[in-house]
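What follows is one structure encoded as structure tokens, with my remarks underneath.
Throughout, numbering of the chain's residues begins at 1 and tracks the sequence. We use all heavy atoms of the structure for the numbers below, so side chains are in, but hydrogens, waters and symmetry mates are not.
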Amino acid sequence: MDIPAIISNMSLPDKVRLCTGADFWHTRAMPRYGIPSFLMADGPHGLRCQEDASGAAVHDSRPATCFPAAVTAGAAWDTELYAAEGAAIGREAAAAGVSLVLGPGCNIKRGPLCGRNFEYLSEDPFLSGKLAAAFVQGQQGAGVSSCLKHFAANSQEFKRQNGDSRIDQRALREIYLTAFEMAVKAAQPGAVMCAYNKLNGVHCSDSRLLLTSILREEWGFDGMVVTDWGALNDRIEAFRAGCDLNMPGGSRFMERAAVEAVQSGQLEEASVDASVSRILRLALRPAPSGSFDSDAHDQLACLAAERGAVLLKNEGGLLPAPAADMVLIGHMAEHPRYQGTGSSHINPTRLTSLVQALPEAPYLPCCTSSGEASPEELRRAAEGAGRARVAVVVAGLPELYESEGLDREGLALPEGHVRMIETVAAANPNTVVVLLGGGPMELPWASKVKAILYMGLPGQAGGRAAARLLTGLACPCGKLTESWPVTYDQYIARETFGMRDPEYRESIYVGYRYYDKAGVAVRFPFGYGLSYTQFTYSNLQVHSHQVTATITNTGSTAGAEVAQLYIAPPKGGIHRSEKELKGFARVELAPGERKEVSFPLDSRTFAVWADGWRTPGGVYRILVGASSRDIRLEGQLEVPGEAVPAPDWQAGSWYETMAGHPSRAEWELAMGHPVPVIPKPQKGRFTMDNTCAEMMDGSRVMKLQYQVTRLVISRICGTTDLSDPAYRMMLTDAVNCPLRAIVINTGGRVGERLVRCLLKLANSGP
């Protein structure tokens, strides 16, 4: 159909109305214009397609293959495999009639406490961008559109709906936007989802700089921008910015205001037409359909879990071991933690635990689902461990420890898990720990056990994958995509992470970029991972557009190595990281086999952001190795470029010396301007951007609103128990929801006029 012709026939109110969805998951159909609706569903690691159009029950969705979460899928460093996962989810989406899958997420793991890190790929933008692009290409090749999210700088869950991420332009471009840029340019996703938060004072939904100047004009994106659910701030500003679709639907929030703005000349109708056109490009595509092989997808999920598992320790080659030699200990061996909580929660087509996958191994639960272990259970665990040659303890982070809507409180495991591990290790010197969880953990017991296998959140086939890895039917070859500090105190941004309006004072020094330059001893470095075999590196060849090296399997077991290319800049000039990842290659090798790997170099490999992309000239060290701290080969390359001088303020600053912590004054210099401290919300100055949680201490009406919200959420979840992950997540999200978003998220059942009345009472009443 002719999109311009459709738009020319539409009334202004109908054009504005099309830009808000019909319900929680569908866009609006307008049969009089020949416009059908289309269906969306969550899908970073599986299809979460809800039959209920209200979207109320987070865990009520049709069965789908639960693939490993991004924390595990990313650790495979395997673009082909991740593309295959994207294609499989695409096939399942097509079978369900879903046109747009909301994923992948490629936000940077700024710090280890973000409750949603399990959905993200890496602390490194190059790795995140390459993997996200592959996923999108695979999924869109299956006939459905992908939605890249959450754009941008959505790096924490605390106050995610109205907090202000304040970032200097260099860090924004080099770290937080690069992965999105790579995925957009390489894969052209059908949609991009704008994030909840503000970015340097402007809501992402209102940012023309972000959504038009950068995304469309610089990067060439030609798809639709959809809000995160409830993220729209101002419909008029969003039209100007290039934010097209407001979701969820049904509310008609600010539709009349937008129509009046066009009629009065405050908003150009062309901005509305552009949004309508981009929505129609998706709506007018043929409706997806098809079928899929659930057995094949389960096998793919198992393969992804195997390849994403990271062997963190294997003293004396204890692993692999025969199943008959093992005893399994820990509640998670029978009831695995295999996915995260929140909008990515999948109802799996099947689920295999380690106990089911190793029926010949005795099993002792020892601890509860929340991680508690009684003295009697610990005694039984010690006795059971003492009777086996190898004791396999399954431990990690219970569901309540990490979730969408909530950040982690620390890196420690439950006390009961720590006591369980230490008790078993004291009873059996051959203790193996299988770790489950969505990110780094503090491991004070690491020296007391022989082996540690990190499975992350491995999806529905995680138990089978772990069994194959433990017994040697598969070889662990994954590598960490984020640094693991010894303790949280080593995290450089700990003072500013979790602020209502986080200050990204560390600038470009995220993850290994900080730890390596500052010389901080971490538990496990970025890119780290062991194997049941060994690899040597040789024959480094450095050319202007390519680096090659030869990898040889010198062990007796077939396996895969992930070779990593880093560049180290010349000394002097603008401050830079000690090294930056600029290439990787996963290579499968039989015993004694060798293969050449290659890493392409391009114009961005050596560039920095300094009022535009600029390449500092000079001699760069070319580093190839097995992790950021295990460099095996080194060469040099003279790179033509320009002088990019250090700013006047750089000399002696934290950004140059890495001494202590970056001060607020130094950060303001990096920002290029003073940054005001945003005052706490105050009665009399509350706005539609404030939340019930922010206002209730000073407003009786908001205290009442909190009680009503709690009652509604408890009825949806069937509980008031804060230890229930779904209830806690939904309640926390609801009371931290800005007033404007209440109108949107309730589909208009709580009207805009009522909410503005509540705001007036909150500002003036008792």
Side-chain angles (χ1 to χ4, degrees), residues 40 42-44 70 100 102-111 114-121 125 128-129 132 146-167 171-173 175-181 183-184 189 191-216 219 221 223-235 237-238 241-248 342-344 404-407 497-504 510 689 691 733 736-738 740-741 744-745:
M40 292 165 274
D42 284 314
L100 181 66
L102 306 178
C106 66
N107 293 90
I108 294 299
K109 300 186 184 192
R110 180 192 175 213
C114 176
R116 208 168 182 180
N117 269 356
F118 62 84
E119 282 190 50
Y120 304 142
L121 292 161
S128 294
S146 299
C147 181
L148 198 63
K149 63 181 189 179
H150 310 85
F151 193 58
N154 187 171
S155 306
Q156 64 182 43
E157 292 299 281
F158 179 72
K159 298 297 182 183
R160 65 172 176 162
Q161 297 191 56
N162 63 351
D164 185 3
S165 297
R166 295 183 285 177
I167 311 172
L172 181 63
R173 292 288 191 151
I175 305 297
Y176 296 98
L177 295 187
T178 290
F180 289 96
E181 179 183 2
V184 164
V192 167
M193 179 187 289
C194 71
Y196 286 115
N197 53 280
K198 303 184 191 79
L199 178 57
N200 290 330
V202 180
H203 286 88
C204 289
S205 67
D206 296 354
S207 176
R208 182 173 177 82
L209 172 66
L210 192 65
L211 303 183
T212 294
S213 298
I214 294 175
L215 179 61
R216 293 195 169 99
W219 299 351
F221 176 67
M224 179 187 75
V225 171
V226 59
T227 66
D228 203 340
W229 267 226
L232 183 77
N233 176 57
D234 184 303
R235 180 67 271 190
E237 290 301 321
C243 181
D244 305 317
L245 180 62
N246 172 31
M247 290 298 291
S343 62
S344 68
E404 178 179 353
L406 302 163
D407 289 319
F497 180 89
M499 297 172 66
R500 180 187 186 274
D501 303 293
E503 300 171 353
Y504 288 54
V510 177
D689 197 41
T691 71
D733 239 20
N736 284 288
C737 175
R740 56 180 164 76
I744 299 170
N745 289 338

Practice item. Scan side-chain atoms only and decide if K159 and N736 contain a donor-acceptor pair under the 3.5 Å cut-off. Key: yes
Review point. Among side-chain atoms of Y504 and S155, is any donor-acceptor pair under 3.5 angstrom?
Key: yes
Side chains of [X] and [Y] in contact at under 4.5 Å (non-hydrogen atoms):
| X | Y | answer |
| --- | --- | --- |
| D228 | Q161 | no |
| C194 | L211 | yes |
| L406 | E157 | no |
| C737 | T691 | no |
| D234 | H203 | no |
| R740 | L232 | no |
| D42 | S344 | no |
| V192 | W219 | no |

Hey, could you give me the [atom1]/[atom2] distance between [X] and [Y], rounded to the nearest 0.5 Å?
| X | Y | atom1 | atom2 | value |
| --- | --- | --- | --- | --- |
| F221 | L148 | CZ | CG | 8.5 Å |
| L209 | D206 | CG | CG | 12.5 Å |
| N246 | I744 | CG | CD1 | 4.5 Å |
| N117 | I108 | CG | CD1 | 10.0 Å |
| E237 | C243 | CD | SG | 11.5 Å |
| T178 | R173 | OG1 | CZ | 9.0 Å |

Determine yes or no for a side-chain-to-main-chain donor-acceptor pair under 3.5 angstrom, with [X] supplying the side chain and [Y] the backbone.
| X | Y | answer |
| --- | --- | --- |
| Y196 | W229 | yes |
| S165 | A153 | yes |
| D407 | Q156 | no |

Practice item. In sequence, state the C-alpha distance, the side-chain angles, and the governing distance for I214 and F180, and then conclude on side chain to side chain contact (heavy atoms under 4.5 Å, CB included). Key: CA-CA 11 Å; I214 294 175; F180 289 96; over 6 Å; no
Please name the pair of heavy atoms, one in [X] and one in [Y], separated by the smallest distance, quoted to 0.1 Å.
| X | Y | value |
| --- | --- | --- |
| A183 | P189 | O-CD, 3.9 Å |
| K198 | D689 | NZ-OD2, 3.0 Å |
| G230 | P248 | N-CD, 3.6 Å |
| N162 | P738 | CB-CG, 4.0 Å |
| A152 | L210 | N-CD2, 4.1 Å |
| M499 | F158 | O-CD2, 3.9 Å |

Practice item. Begin from the C-alpha positions of L199 and S207 and carry the test side chain to side chain contact (heavy atoms under 4.5 Å, CB included) through to its verdict. Key: CA-CA 8 Å; L199 178 57; S207 176; 5.9 Å; no
**Study point:** N107 and E119: CA distance, side-chain angles, deciding distance, side chain to side chain contact (heavy atoms under 4.5 Å, CB included) verdict
**Key:** CA-CA 9 Å; N107 293 90; E119 282 190 50; over 6 Å; no
Check your understanding: With sequence neighbours left out, what residues match R216 under side chain to side chain donor-acceptor pair (under 3.5 Å)?
Key -> D244
Exercise for review: Report the C-alpha separation of S343 and R116 in whole Å, then their side-chain angles, then the decisive distance to 0.1 Å, and conclude whether the side chain to side chain contact (heavy atoms under 4.5 Å, CB included) test is met.
Suggested key: CA-CA 10 Å; S343 62; R116 208 168 182 180; 2.9 Å; yes
Practice item. Quick one: list whatever passes side chain to side chain contact (heavy atoms under 4.5 Å, CB included) with A195, sequence neighbours left out. Key: H150, N154, N197, C204
